[in-house]
Asks: 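Questions regarding the structure given below will be posed in turn.
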Amino acid sequence: MKLQTKFSLGIIIVFAILAASIAAVSFVWVDQNTIRQAQDRVQLHIQASWEIFNGKSERMQAALEILAQDDQVNAFLQDPQNQVLAINARTYLESVRQLQNMDVLTLMNDEGRVLLRTRAPYHSGELVTDDPVVRRALAARKPAEGTVILAQDRLERGGEGLLAQCLQNGGEPRGMMQSVAVPIIWNDRLIGILQMGSLVNGASAKVDRIRDTVFKNEQYNGKPLGTATIFMGDLRTSTNALDSQGKRAVGTRASPEVVQRVLNEGKPWTGRAWVVDTWYLAQYDPIRDPDGAVVGMLYVGELEQKYLDLRTQALALFLAVIVAGMLLAFIVFWLIVGSIVGPIQRLAYATTRLAEGELTYRVNGAPTGASRDEVQNLAHSFDEMAEQLQKQREEIKADHRALEKLNQDLQTTNRNYMEMLGFVSHELKNPLSSAIMNVHTVKDGYVGALNETQKAALESVAKSLRYFREMIANYLDLSRLEKGELRVNSTRVALHSDVIAPIVEALARSLQDKQMTLENETPPALELTADRDLLRIVYDNLLSNAIKYGKDGGKIALSARANGAIVTLSVWNEGNGIPPDKMELLFKKFSRLTGAGYAGKKGTGLGLYICREIVEKHGGKIWAESQVGAWTKFVFELPKSDGGRVDSPSKL
């Protein structure tokens with residue numbers, strides 16, 4: 001039997017089984033998931049509803065935070081017995097409450113006692129710390145918000161019309177209010193609390209806004225597509241669900257099942273709900289006060305009938321698509337299977353050869369033309385890909401050879417540069433030392449007396465020569481580092497006498513010129529295994545920097561301490577210090593700091609780099625510490641052999 005015939009028989013059997021299975025599964029899936037997806041959508045609606053519900057609290061908080069900074073309010077809190085200030089503050093706050101369309105705006109002192117109300121008859125004087133919103137604002141000295149239940153006496157003292165509004169919208173002498181309290185802080189002291197609130201009872205605009213935003217106020221078969229309700233406890237106090245007379249169903253109650261789940265257990269309830277006269281797919285979420293107690297519910301529901309109709313339509317359409325798709329797929333498969341099998345086999349063989357590294361193998365797909373199908377296109381593209389891979393392999397090999405040659409040339413150039421740098425620096429070293437000695441001989445009057453102008457000129461020359469000597473020494477050290485000639489020849493070194501004392505003696509003139517004091521707290525008997533000459537380079541660089549950048553007449557301190565197998569050494573000086581953002585530049589090659597404290601200070605930018613290389617070659621580490629405007633300290637650690645001992649420090 002031909003491969004094409006086998007494919008055809010196989011696909012008929014497979015398609016028949018698949019069609020029957022999909023039809024059965026589709027019926028179950030559509031039936032179960034249409035309502036479930038609708039319920040998921042209701043859950044999304046409840047999230048949007050919460051954003052609208054909480055939006056008013058955010059607006060109230062923003063308004064109160066502005067009022068907390070108002071001069072009239074603060075002036076009254078500073079002098080609450082002043083009747084003129086009280087009248088002005090109450091008039092102003094009442095206008096704000098009316099402008100914001102709020103039911104309550106109250107000003108309290110720092111104990112939570114009412115000073116001003118903005119609703120006639122303007123009761124005041126009582127403590128309202130039993131209100132969890134006020135209590136939280138007082139305790140945390142931060143804004144607090146939440147939904148709270150107001151008892152009858154609180155409604156009566158709140159002002160005219162509040163109790164009547166609650167009785168009219170639910171028939172109970174209590175109310176539920178969205179409330180925000182903001183502390184008033186003056187000179188870091190709590191001086192009062194501002195509270196603003198909006199009654200939820202009869203808040204038709206809020207639930208209508210939820211409905212209009214979420215459901216676009218759509219109708220389905222003459223009924224509202226979606227409804228929203230706010231419950232105080234189990235009582236509908238604000239809703240756009242309509243009763244049999246077409247009025248808002250305010251005053252009706254939630255079902256026992258919902259009450260048990262949401263109010264008693266404090267959990268959301270999602271499912272089918274009978275709302276007045278029809279079924280809705282609904283979700284009820286608990287509304288909690290700031291203490292976490294459930295005080296009400298937020299409900300959003302969408303008409304179930306819409307989804308039942310959609311389920312029927314989707315199922316019919318789905319089955320029709322399955323049957324049509326299966327039939328069409330079989331016809332298409334029958335037509336193309338013959339032309340696909342052969343080229344695919346050749347292409348599969350070619351990919352195997354290519355994977356084995358034979359980039360010269362080609363499928364020899366059909367040339368470009370109108371009669372070439374997709375499989376032939378694929379074969380032709382495969383040939384082009386193999387050709388490109390072969391070219392890229394050759395290009396990579398050529399680039400690799402070129403990079404190797406370039407790398408060798410760069411290494412040769414760098415080596416020649418470092419050899420020339422070392423040679424030139426070495427040749428300049430001895431003549432420069434002689435020149436420095438001769439300048440000091442003349443300047444100090446050994447060959448004849450000089451006037452002050454001549455001495456100043458020679459001192460300037462001496463400074464320049466010392467800078468050149470420092471630069472040459474750094475370049476010589478850099479040359480040795482780059483060529484790998486800087487090796488550690490470790491011996492037993494007495495840190496005080498072998499390293500520090502010679503450097504201090506060499507820099508004595510520079511210390512004297514800047515009138516700086518050197519305190520050497522290095523223990524005289526401290527020994528370690530290290531390269532004496534390299535340690536001198538480290539101390540020479542660090543002490544030279546301390547003198548150069550330190551404060552005239554300031555102090556330099558040297559210290560050392562042994563901690564087990566580690567010796568910690570440091571050079572400290574008074575000065576401008578180093579900003580934190582400049583620390584990372586200190587030990588980089590040719591890096592110099594810029595700024596007012598470094599203007600006119602010459603340097604190669606190599607000293608600290610060389611210090612780091614020497615310390616690390618000893619197996620240690622170096623870092624800097626500083627307080628801007630006060631001091632700078634360079635610290636480095638070196639390993640110390642077991643034979644060392646530490647005595648009391650001495651002064652140079």
Asks: What's the verdict on salt bridge (Lys or Arg N to Asp or Glu O under 4.0 Å) for R253 and E172, showing C-alpha distance, side-chain angles and the deciding distance?
Replies: CA-CA 12 Å; R253 299 187 180 274; E172 291 191 2; 2.9 Å; yes
Asks: Cut-off 3.5 Å, side chains only: do N201 and Q168 have a donor facing an acceptor?
Replies: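 There is no such pair (donor and acceptor under 3.5 Å, judged by atom type) between the side chains of N201 and Q168.
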Asks: So, R97 side chain and T118 main chain: donor-acceptor pair closer than 3.5 Å or not?
Replies: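 Side chain of R97 to backbone of T118, a donor-acceptor pair under 3.5 Å: yes, one is there.
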Asks: Any donor-acceptor pair under 3.5 Å linking the side-chain atoms of D285 with those of W50?
Replies: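 Yes, because at least one side-chain N or O of W50 sits under 3.5 Å from a partner of the opposite role on D285.
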Asks: Is a side-chain donor or acceptor of S626 paired with a backbone partner of I578 at a separation under 3.5 angstrom?
Replies: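 Here the side-chain-to-backbone pair exists.
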Asks: What distance do H45 atom NE2 and L281 atom CG have between them, rounded to the nearest 0.5 Å?
Replies: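 H45 NE2 to L281 CG: 10.0 Å, rounded to 0.5 Å.
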Asks: Are the side chain of S238 and the backbone of A203 linked by a donor-acceptor contact shorter than 3.5 Å?
Replies: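 Between the backbone of A203 and the side chain of S238 there is a qualifying donor-acceptor contact (under 3.5 Å).
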Asks: Rounded to the nearest 0.5 Å, how far does CG of L77 lie from CG of L115?
Replies: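 That separation rounds to 6.5 Å.
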Asks: Looking at every heavy atom in both P183 and P143, which two are closest together, and how far apart are they?
Replies: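 Minimum heavy-atom separation between P183 and P143: CD-N, 3.6 Å.
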Asks: Output the distance between atom CG (D71) and atom OH (Y92), rounded to the nearest 0.5 Å.
Replies: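 Result: 9.5 Å between the selected atoms.
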Asks: Can you confirm whether the side chains of Q152 and E156 place a donor and an acceptor under 3.5 Å from each other?
Replies: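 Distance-only check passes for Q152 and E156.
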Asks: Rounded to the nearest 0.5 Å, what separation is found between the CG atom of L64 and the CD atom of Q100?
Replies: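 Answer rounded to 0.5 Å: 8.5 Å.
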Asks: Closer than 3.5 angstrom, by distance alone: can the side chain of R117 be matched with the main-chain N or O of H123 as a donor-acceptor pair?
Replies: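 Yes, because the side chain of R117 sits within donor-acceptor range (under 3.5 Å) of the backbone of H123.
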Asks: Hey, does the Lys NZ or Arg CZ of R272 hover above the aromatic six-ring of W279, less than 6.0 Å from the centre and inside 45° of the axis?
Replies: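 Checked: cation-pi criterion met.
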Asks: Would a 4.5 Å heavy-atom cut-off, applied to side chains only, mark I287 and L298 as touching?
Replies: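 A side-chain contact exists here, since the closest heavy-atom pair is under 4.5 Å.
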Asks: Do L190 and L138 touch side chain to side chain, with heavy atoms closer than 4.5 Å?
Replies: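 The answer is yes, as the side chains (C-beta and beyond) meet within the 4.5 Å cut-off.
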Asks: Kindly indicate whether the side chain of L242, heavy atoms from C-beta on, has any atom under 4.5 Å from the side chain of K247.
Replies: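 SC-SC contact between L242 and K247 ruled out.
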Asks: Taking the basic N atoms (NZ, or NE/NH1/NH2) and the acidic carboxylate oxygens, is any pair closer than 4.0 Å for E218 and K216?
Replies: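 Result for this pair is no, no salt bridge flagged.
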Asks: Do you know which two heavy atoms are closest between A181 and I193, and how far apart they sit?
Replies: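 For A181 and I193, the tightest heavy-atom pair comes out as CB-CG2, 4.0 Å.
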Asks: Can you measure from CD (E257) to CZ (R261) and round to the nearest 0.5 angstrom?
Replies: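 CZ of R261 is found 9.5 Å from CD of E257.
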Asks: What class does the angle between the rings of F231 and Y284 fall in, given that below 30° is parallel, 30 to 60° is tilted and above 60° is perpendicular?
Replies: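 Because their plane-to-plane angle lies in the 30° to 60° range, the rings of F231 and Y284 count as tilted.
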Asks: Are any side-chain N or O atoms of R236 and backbone N or O atoms of I230, one a donor and one an acceptor, separated by less than 3.5 Å?
Replies: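 It does not hold such a pair.
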Asks: Where do V214 and A48 come nearest, in terms of heavy atoms and distance?
Replies: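 Looking at all heavy atoms of both residues, the closest pair is CG2-CB, 4.1 Å.
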Asks: If you draw a 6.0 Å radius around CZ in R135, do more than 12 non-hydrogen atoms from other residues or ligands fall strictly inside?
Replies: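 Correct, the count exceeds 12.
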Asks: Side chain of D131, backbone of V133: donor and acceptor closer than 3.5 Å?
Replies: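 A pair under 3.5 Å: yes.
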Asks: Using a 3.5 Å distance criterion without hydrogens, assess whether the side chain of N109 forms a donor-acceptor pair with backbone atoms of G112.
Replies: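 The answer is yes, because a donor-acceptor pair under 3.5 Å joins these two groups.
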Asks: What closest approach, in Å, do P268 and V262 show between heavy atoms, and which atom pair accounts for it?
Replies: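 Shortest heavy-atom contact: C-CG2, 4.5 Å.
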Asks: If we only count heavy atoms from C-beta on, is the N74 to I184 side-chain gap below 4.5 Å?
Replies: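 Of all side-chain heavy-atom pairs linking I184 with N74, at least one is under 4.5 Å.
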Asks: Between D79 and L85, is any pair of side-chain heavy atoms under 4.5 Å apart?
Replies: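 Yes, at least one pair of side-chain atoms sits under 4.5 Å.
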Asks: Using side-chain heavy atoms (C-beta onward) and a distance below 4.5 Å, is V73 in contact with L107?
Replies: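 Side-chain contact under 4.5 Å: yes.
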Asks: Consider only side-chain N and O atoms of Q195 and S179, and report whether a donor and an acceptor are under 3.5 Å apart.
Replies: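 Side-chain D/A pair, Q195 to S179: present.
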Asks: Would a 4.5 Å heavy-atom cut-off, applied to side chains only, mark R113 and M108 as touching?
Replies: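 Sidechains of M108 and R113: no contact.
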Asks: Could you walk me through whether Q165 and N169 pass side-chain hydrogen bond (donor to acceptor under 3.5 Å, both in side chains), step by step?
Replies: CA-CA 6 Å; Q165 181 176 337; N169 294 278; over 6 Å; no
Asks: If you measure from the Lys or Arg side-chain nitrogens to the Asp or Glu carboxylate oxygens, is any gap between R154 and E126 under 4.0 Å?
Replies: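 Here R154 does not pair with E126 in a salt bridge, since their nearest N and O are not under 4.0 Å apart.
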Asks: Are E160 and R119 close enough for a salt bridge, meaning some N to O gap below 4.0 Å?
Replies: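 No, E160 and R119 are not salt-bridged.
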Asks: So, T213 side chain and I210 main chain: donor-acceptor pair closer than 3.5 Å or not?
Replies: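 No.
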Asks: Within the distance-only criterion (no hydrogens, no angle test), does the side chain of D103 pair as donor or acceptor with the backbone N or O of L199 below 3.5 angstrom?
Replies: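 Checked: pair present.
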Asks: Return yes when atom CG of N101 has more than 12 non-hydrogen atoms of other residues, nucleotides or ligands closer than 6.0 Å, and no otherwise.
Replies: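 Check fails, neighbour count at 12 or below.
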Asks: Within a strict 4.5 Å, meaning less than it, do heavy atoms of the R211 and N217 side chains meet?
Replies: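 Yes, their side chains come closer than 4.5 Å.
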Asks: Going by side-chain hydrogen bond (donor to acceptor under 3.5 Å, both in side chains), S198 matches just one of K206, Q178, K56. Which one?
Replies: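 Single side-chain hydrogen bond (donor to acceptor under 3.5 Å, both in side chains) partner of S198 among K206, Q178, K56: K56.
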Asks: Would you give the length of the straight line joining atom CG of L163 to atom CZ of R174, rounded to the nearest 0.5 angstrom?
Replies: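 One gets 12.5 Å once the value is rounded to the nearest 0.5 Å.
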Asks: Where do T227 and F215 come nearest, in terms of heavy atoms and distance?
Replies: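 Here T227 and F215 meet closest at N-CE1, 4.0 Å.
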Asks: If only side-chain N and O atoms count, and only distance matters, is there a donor-acceptor pair under 3.5 Å linking E65 with Q69?
Replies: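 No pair is found: no donor N or O on one side chain lies under 3.5 Å from an acceptor on the other.
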Asks: For K551, look at atom NZ and say whether over 12 heavy atoms of other residues, nucleotides or ligands are found less than 6.0 Å away.
Replies: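 Counting neighbours around NZ of K551, 12 or fewer heavy atoms of other residues, nucleotides or ligands fall under 6.0 Å, so no.
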Asks: For Q219, does the CD atom have more than 12 heavy-atom neighbours from other residues, nucleotides or ligands under 6.0 Å away?
Replies: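 Counting other residues, nucleotides and ligands, CD of Q219 exceeds 12 neighbours.
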Asks: Could D243 and R248 be called an ion pair, given the rule that one side-chain N must be under 4.0 Å from one carboxylate O?
Replies: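 Result for this pair is no, no salt bridge flagged.
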Asks: Quick one: does any side-chain atom of R141 pair with a main-chain N or O of D188 as donor and acceptor, under 3.5 Å?
Replies: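 Between the backbone of D188 and the side chain of R141 there is a qualifying donor-acceptor contact (under 3.5 Å).
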Asks: Give a yes-or-no answer on whether the side chains of Y299 and S49 include a donor-acceptor pair shorter than 3.5 Å.
Replies: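 There is no such pair (donor and acceptor under 3.5 Å, judged by atom type) between the side chains of Y299 and S49.
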